[in-house]
Amino acid sequence: MTAHSPDFFAMENEPSFFETSPTPGVVGKPLNRVDGRDKVMGRAKYSAEYPLPGLTYGVLKTSDIAKGKIQSIDTSAAAKAPGVLAVFTHLNLPSLAKTPNDADGKKAIGAPMGFLPLTSDVIHYAAQPVALVVADTFERATYAATLVQVRYLTEQPIAAYTDPKATRFNPEKIQDGKADGYTRRGDAQAALASSAVKMTAVYTHAINHHNPMEPGSTTAVWEAPDRLTVYESTQGVTRTQKSLAAYLGLPQDQVRVITKFIGGGFGCKGSCWPHTVLTAQAAKGVGRPVKLVLTRPQQFTSMGHREDQTQTLTLGATAEGKLTALIHEKTSTTSPWDNYAEANSKIINLLYECPTFESHYELARGNVMTSTFTRAPGEAPGSFAIECSMDDLAYRLGLDPIEIRLRNYAEKDPSTGQAWSSKSLRQCYARGAELFGWSKRNPKNGVTREGRTLVGWGMATASYPVHNSQGTARVRLYADGHAVVQAGATDLGTGTYTVMTQVAADSLGLPPEKIRFELGDTKLPTAPNSGGSVAAGTVSSSVYMAAQDVWERLTKTAIKDPKSPLFKAKPDEVMVDKGRLQLKANPSKGEDFMVLMKRAGMDDIEGSGQGKYGAGYETGQAANPAGSGHQDEAGKHSMHSFGAHFCEVHVDPDLGTVRVTRWVSVHGAGRILNAKTARSQIIGGSIFGIGAALMEATARDPHYARYVNADLGDYHIPVNADIPDMTVEFIDEHDPYINAMGVKGIGEISMVGVAAAVANAVFHATGKRVRDLPITPDKILGTKAV
Amino acid sequence: MNDFTYLQATQAKDATAAVRDNKDAAFIAGGTTLLDLMKLNVENHGQLVDINNLAFKGVEQTADGLRIGALERMSDVGEHPLVVQNYPVVSQSLLLAASPQLRNMASIGGNILQRTRCGYFRDTAFPCNKRAPGSGCPAQTGENRNLAILGGSQTCIATYPGDFAVALVALDAVLLLENAKGKQRRVPLVDFHVLPGTTPQRETVIEPGELIVSVTIPAAAHARKSMYLKVRDRASYAFALASAAVGLDVQGGQVRSARVALGGVGTKPWRSVAAEKVLTGAPATEATFRAAAAAAVREAQPREQNRFKVELAQNTLVRALLELSAA
């Protein structure tokens, strides 16, 4: 890292929450990204940018068909092409200790998909890899891959659950066994039958692809016959390490995974996908390092997607708008091997007070790869359904959309009966409404015009759980007053380097310039995936605890040192303030750690810590010394972030265009570590959600089960012109239960409810309820002012 | 992408001869379409002949109208004062297309020749009559939301994707072509692109080795008062779902002359003489514009997913005419 620039703390429009934050030091401050300069100068090395000696290039040849068999595969022309070192197929790829093709193997590997390409001649999905060509340059490998001749025995594929030939079934478990296929709380059917208000709505969601700017990439280097290093674009170096070790039959420590920078992931880099293991096998085969970078079209068929899905949501309510029953059904497409579906119903089960609940999942096997977690998996599409239906209920009863939500405000978690560890949703509604000017809203829809355009306002609730997680960090504090802090975490680009530098700075009483935070390497202490919004809370708490470990050790040194002012003090009488060890009762009695360490002849001291629950940051120690992770000791509390989005759209009813013209998001997500990166992350997530709401859709041909728009020209994500200035604020929220830093994480919640806020604004503008995402012009046409 | 040889031509005859004599060769100017399609293996050329050094430059007013050299860049032409003032529809069509980076690279001649974005054409794993004649057209019953409602056939409904040519075809632009013998010919743009019929692989009347030298747009009152309206799935950097290039000369509330072309809905840049006939001599009212729009899509043959384009194309045209006549 380079020296920090003079505009270290510069930030326009500093969020107002920050003024009221009691946080001392730099935690919470809008510190500029410590890696920002390296990134804009091109010095930050991404995983495909390591110029290793002897590096070769791998390129995948993928299947032209979606279902069938390879009848024959002729690699002779490819093998003879200039620069080609090897052409691997299922017939000659170096073998593996395990594959995910059976349940045990899949579990041992932790594979996101129960099938590894190039293990047989069977084709299960379009663009499935059928060969891997290795050459001395990328261009030569790319060309040689076109020379691989494959003859297929083609069968008719199933493209989606909508295909009448698809067989639908009710899975016992979904999401790889992590969630139930059927949930029941109370008797929702009976409650519905006797409800004054009954409403049923059907929602569909297009296939979405994560499309990070940086595609998946792997560079595999065999350092020894039994020792592998992989430079990988992954959200979790340890998860990739474990998977590769299981695939290859190596002890975990014999696989090293390095990920210093990531150009976005959004869930698709949360698991070890086939291209990574194939690259490791190829490197073994050619005896040289192999780099493989997915092409943009391959990105659509290599790292999962958000599945195509239909949700049916039925609600019952009293005449006053109190929910009495919620019944949720989801049908979606999954792969030939896995029962994967996003667990949409979880958020529907807990967002509002409702005495009964029921959910069913239905799957159909298609010739598609397995879908995977995509930003706010389950919560994003689930919130689209419940938040549009709540909007419907508000209109039905003539209530303000905020009022209907307040009438159903859940004072505790309805799905478990547990108290919330913290919940600031009322404040989010109030502050968001104030910032947006919600009180000026015309309660009638379809009547507000500006020239030819219809203007609409919508809002929606957001929520995301604080998942269980754990991790470790290490601090090495030097006697000259600087520190190296390490955790095997990853930085998706959202600011892990920066916020951990801040946490370390305050925990060690040093300015951030004196901290170097290292991450992205399995040689470092183990940290969780950057996913499910767990990284910020877990890693920051680990860093904090590691610093406490250093202070404990130094305290022990001090109280044994006759030359120390703290000599013979008891450890619990000593506290640390900005690097000074001093008596709690008499702060004037103490000394700076540098003085102590120099006198003791210590050049440096190391400490390590595990992220622990129970906030300790303010008090100087974690509330509960045992265990780790984000669930409090007795599981007494339900832990969630909450927020609210407010949206204004301009709809041209003749041309069908919808433009978001104003946006306000207010969240309560525990401690915010950096006002600037947090604001950016909420903006990014909101834009992600606006993309899903208005334009993102991968089109899979119904007959060929193959995508027809697998590129960024035709798969639309928002451009700058689609996005207005956005207002983001956080409620100052202190959660004493979740973890030592009181951090909930914000990567996922930023997208939850966004599509509903947009759709609700479109309804307010036009009087037309579009329940089919994305809301493209064809779905608006025919809309006239009511 | 395959290996290819690269020839930098300094004289037009060197370029045209090289391509005429080598079936495997192609011209390259900005390369924004060609390299894209070569990377997808949709086009495979053994030789690329770089024409960027040819003297096909300049934007100038001539006796015939505005002459634009084929190697001018989209951005330069779109921002050129003569174009902005006298041919607003041309300027707008250029500046609403693609991205700044692409507009800085893409040449005027190449833009006219831009190939379809039909997903079946762009992926060699699919059958496609345009790419592999006789292999079939899955788009007919497949993902055809973005495809053409006008000018299609049972073999192909690929949309002509561009904007600039839609403006040009509205304003009676004429292309100047030159072949390897140095012989030049003029082709009205409206006759340059051809309907797919049973030979969708043939998209224009250009001959092997022939180059576009320049495009000339006649001056006219309906050119000075003209506009381009483009409707798309996002606010920028997307191809048109429907677009309208319109020019009007209105005197005393009556339309004296009108020019209408549609983009995003045709298999070629879609001039609508039928709409112009309705407009010419009629009062410049919304009712007239609606009648013209109805005439423009009378022969539409939508498929399952692109039915909305029949309404959208009409609304786009009506809106463009309303805005233009109110301006």
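What you see is a predicted model, and the numbers here were worked out from it, not measured in a lab. Residue numbering restarts at 1 for every chain, and letters A, B, ... go by the order of the sequence lines.
- A 4.5 Å side-chain heavy-atom check between A:Asp714 and B:Arg122 finds at least one atom pair inside the cut-off.
- Summarising the local packing, OH of A:Tyr143 is surrounded by 12 or fewer heavy atoms from other residues, nucleotides or ligands at distances under 6.0 Å.
- Contact annotation for A:Leu712: only backbone heavy atoms (N, CA, C, O) come within less than 4.5 Å of a heavy atom of chain B.
- Atom CD of B:Glu304 has 12 or fewer heavy atoms from other residues, nucleotides or ligands within 6.0 Å.
- Chain A forms the most heavy-atom pairs under 4.5 Å with one residue out of B:Thr124, B:Asn306, B:Asp3, B:Asp123, and that residue is B:Asp123.
- Interface remark: of the candidates A:Asn709, A:Ile723, A:Asp711, A:Asp711 forms the most heavy-atom pairs closer than 4.5 Å to chain B.
- At a threshold of 4.5 Å between non-hydrogen side-chain atoms, the residues B:Met1 and A:Thr142 do not count as touching.
- Annotation: maximal heavy-atom pairing with chain B below 4.5 Å, among A:Thr295, A:Asp652, A:Asn720, occurs at A:Asp652.
- The parts of B:Asn2 that come within reach of chain A are both its backbone and its side chain, each placing non-hydrogen atoms under 4.5 angstrom from that chain.
- Between B:Asn315 and A:Leu781 there is a side-chain heavy-atom pair separated by less than 4.5 Å.
- Residue A:Thr776 is tested with B:Arg232, B:Arg234, B:Arg145 for a side-chain contact (heavy atoms from CB on, under 4.5 Å); the sole match is B:Arg145.
- B:Leu241 touches chain A through its side chain: at least one heavy atom from C-beta onward sits under 4.5 Å away, while N, CA, C and O do not.
- Residue A:Asp654 holds its CG atom at 9.0 Å from OG1 of B:Thr316, rounded to the nearest 0.5 Å.
- Contact count against chain B (heavy-atom pairs under 4.5 Å) is highest for A:His716 among A:Arg700, A:His716, A:Met695.
- Between chain A and the residues B:Pro138, B:Ala235, B:Ser236, the most heavy-atom pairs under 4.5 angstrom are made by B:Ala235.
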### Message
Using side chain to side chain contact (heavy atoms under 4.5 Å, CB included), reason through B:Leu312 and A:Asp778 one step at a time and then give a plain yes or no.
### Response
CA-CA 8 Å; B:Leu312 181 61; A:Asp778 42 317; over 6 Å; no
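- Interface remark: B:Thr141 contributes backbone and side-chain atoms alike to the contact with chain A (heavy atom separation under 4.5 Å).
- For A:Arg706, the parts lying under 4.5 angstrom from a heavy atom of chain B are both the backbone and the side chain.
- One finds the CZ atom of A:Arg296 at 12.5 Å from the NZ atom of B:Lys39 (value rounded to the nearest 0.5 Å).
- Between the OG1 atom of A:Thr146 and the CG atom of B:Asn44 there is a distance of 7.5 Å, given to the nearest 0.5 Å.
- With contacts defined as side-chain heavy-atom distances shorter than 4.5 Å, the pair B:Leu322/A:Arg452 qualifies.
- At a threshold of 4.5 Å between non-hydrogen side-chain atoms, the residues B:Phe126 and A:Asp64 do not count as touching.
- Residue contact with chain B, scored on non-hydrogen atoms closer than 4.5 Å, involves the backbone and the side chain of A:Ile717 alike.
- Annotation for B:Gln301: atom CD does not count as buried by contact number, only 12 or fewer foreign heavy atoms lying within 6.0 Å.
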